[in-house]
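Ligands are counted one by one from 1 in listed order, and the atoms in each one are counted from 1 as well.
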Amino acid sequence: MKVFKFGGFAVSSAANIKNLVRIININSTDQLLIIVSAMGKTTDALEKLCAAYIKSREEAILLLQEIKDFHEQIIAGLFELKEHPVYDEVANTFIEIEWMLEDEPHPDYDFNYDQIVSIGELVSSKIIAAYLTECNINTKWIDARSYIHTDNSYREGIIDWDKTAASILSLKDQLKNQIIISQGFIGGTSENFTTTLGREGSDYSAAIFSSCIQAKSLTVWKDVPGIMNADPALFSSAQKYEELPYSEALELAYYGANIIHPKTIKPLQNAGIPLYVKPFLKPEESGTRIDQSAKLDTDIQAIILKKNQILLTISTRDFSYMDEMYLSELLKSFSEAHIKLNMMQLSALSVSVCFDQDAGKLKRMTDKFHDKLLFSATEGLELLTVIYFKEEEIQQLIKGKTIVMEQFSKKTAQLVMK
Ligand code: ASP
Ligand code: MG
């Protein structure tokens, strides 16, 4: 059996959902478990709604209406029957948000976020399940919150692997005569609250399902030809990898190549399950295969450009050394604030770190050190990472930029610049 994951783009319009059905039909000889994301940019829209909920209830209600209209338009493009039960089913799912908006927000922002934002995946999967059924494909919808069990770290749910594996494995028999469809990105706590797994977490969900059910492979359908060595929107010479070993894919994801959620690879690698990244609009093409036996072409340098970076330099107030004690305290608090460090450099009296800009997280993190440490932050930077770099080509890439911090190893170059 195989697992297919369809991201926001693949389910962003009625036309794309029809293409999804075409892909399922091409693969009808396989047992399939399907994981879907929220439709199009719905997660962004629901994030906005969450922020509005704290400030202005009226604005939140307007935003919800826009989200509902967008889904309704997709449903209308899929189902001829104006009284199709899917309309009610979707309306009943959005009611969860309406009920929340009638109440005061929960004091934990991240808790609210997960209860609201998760609705995007629930609605999307319900519409697609109904449409598959409409197309005479025997389909069963399941609620991922009963299969992906997490702790209550909202917005970054940590998987309870034993419980999750047992739940997911119980699906195996049911796949014999039907397709199962579920949601990416979301999980559930032991108290039945909803958690999310971090932005772009649907890939990770698909990897969890794949490894727990011992799938033959996972295919992630994307709006790109496969995994590219650079963002084709920025570099016209970008080329596709035919194959990649897990370790290299892991590295690309780690440095921020915007192609696969970084947590996706490990569960697949542990279970020895190959990952295919394939073009959604050209399913016949080969895409990229990631597995143990794949060979890496080290002549291809991988170029990863991350924007909206912040460089934070931290020193002690009393000019003492930045010793291991400070460092361990700092690293712990970065982790607690869910700040992922993209680069770090240490000197006697300071440490400099680079990460994705997020004012809220930064403030929460620096506040508690104010009496001991000095923080100096520069925003609006770019981080360029080049793996298997060639000296001359780096010069090309940084032309006209001012380098603020750099780090070279034999294989990898990292430059923070503006
Ligand atoms: N819908 C979620 C997001 O946009 C999860 C995903 O698509 O992977 O982040
Ligand atoms: Mg996505």
Side-chain angles (χ1 to χ4, degrees), residues 3-13 16-17 20 33-51 63-64 66-68 70-71 74 90 93-94 96-97 109-110 112-129 143-145 147-148 150 153-159 181-188 194-210 218-224 227 249 252-253 256-268 275-278 280 306 308 338 340 356 358 361:
V3 177
F4 282 0
K5 183 249 160 174
F6 294 95
F9 167 72
V11 295
S12 60
S13 65
N16 279 3
I17 294 168
L20 177 156
L33 187 137
I34 292 169
I35 301 299
V36 297
S37 293
M39 296 182 157
K41 300 274 173 243
T42 300
T43 306
D44 291 335
L46 287 166
E47 269 189 358
K48 256 198 187 160
L49 188 157
C50 280
L63 289 168
L64 178 60
E66 283 175 22
I67 297 169
K68 284 162 81 174
F70 168 67
H71 286 83
I74 292 180
V90 165
T93 312
F94 279 123
E96 302 275 337
I97 299 183
Y109 186 85
D110 293 347
N112 284 318
Y113 178 102
D114 282 1
Q115 313 318 303
I116 291 177
V117 171
S118 55
I119 300 293
E121 266 68 14
L122 290 165
V123 168
S124 164
S125 59
K126 284 182 180 173
I127 295 172
I128 295 162
D143 189 330
R145 296 171 297 183
Y147 294 87
I148 305 249
T150 73
S153 315
Y154 295 103
R155 293 182 76 172
E156 189 78 65
I158 303 202
I159 309 297
I181 178 166
S182 193
Q183 308 78 41
F185 184 49
I186 72 173
T194 307
T195 49
T196 63
L197 308 180
R199 285 304 307 263
E200 301 300 326
S202 292
D203 293 339
Y204 183 37
S205 302
I208 297 168
F209 273 102
S210 302
L218 164 62
T219 306
V220 172
W221 299 92
K222 295 254 172 190
D223 55 350
V224 287
I227 297 194
L252 285 176
N258 228 344
I259 185 69
I260 216 91
H261 188 283
K263 286 182 177 168
T264 311
I265 310 290
K266 205 73 212 152
L268 299 174
L275 168 64
Y276 296 91
V277 176
K278 300 241 283 174
F280 175 70
K306 272 175 89 77
N308 297 324
H338 300 304
K340 180 190 165 290
D356 299 359
D358 184 325
K361 284 183 182 174

Side chain, backbone, both or neither: Glu121 near ligand 1, heavy atoms under 4.0 Å: side chain
Side chain to side chain contact (heavy atoms under 4.5 Å, CB included) partners of Asp143, counting only residues at least two apart: Leu122, Trp141, Arg145, Ser146, Gln183
Does Val90 have any side chain to side chain contact (heavy atoms under 4.5 Å, CB included) partners at least two apart in sequence or in another chain, and if so, which? Ile75, Val86, Phe94, Val123, Ile127
Gly201 heavy atom under 4.0 Å from ligand 1: yes
Can Val220 and Lys278 be said to form a side-chain contact (heavy atoms from CB on, under 4.5 Å), step by step? CA-CA 6 Å; Val220 172; Lys278 300 241 283 174; over 6 Å; no
With respect to Ser202, determine whether any N or O atom, backbone or side chain, lies less than 3.5 Å from an N or O atom of ligand 1. yes
Distance under 4.0 Å to a non-hydrogen atom of Arg199: what atoms of ligand 1 satisfy this? 3 (C), 4 (O), 9 (O)
Indicate the atoms forming the closest heavy-atom contact of Ser37 with Gly7, along with that distance. OG-CA, 3.4 Å
Where ligand 1 meets Ser37 - atom numbers and elements under 4.0 angstrom, heavy-atom basis: 6 (C), 7 (O), 8 (O)
If you look at every heavy atom in Val11 and Ile74, which pair is closest and at what distance? O-CD1, 4.3 Å
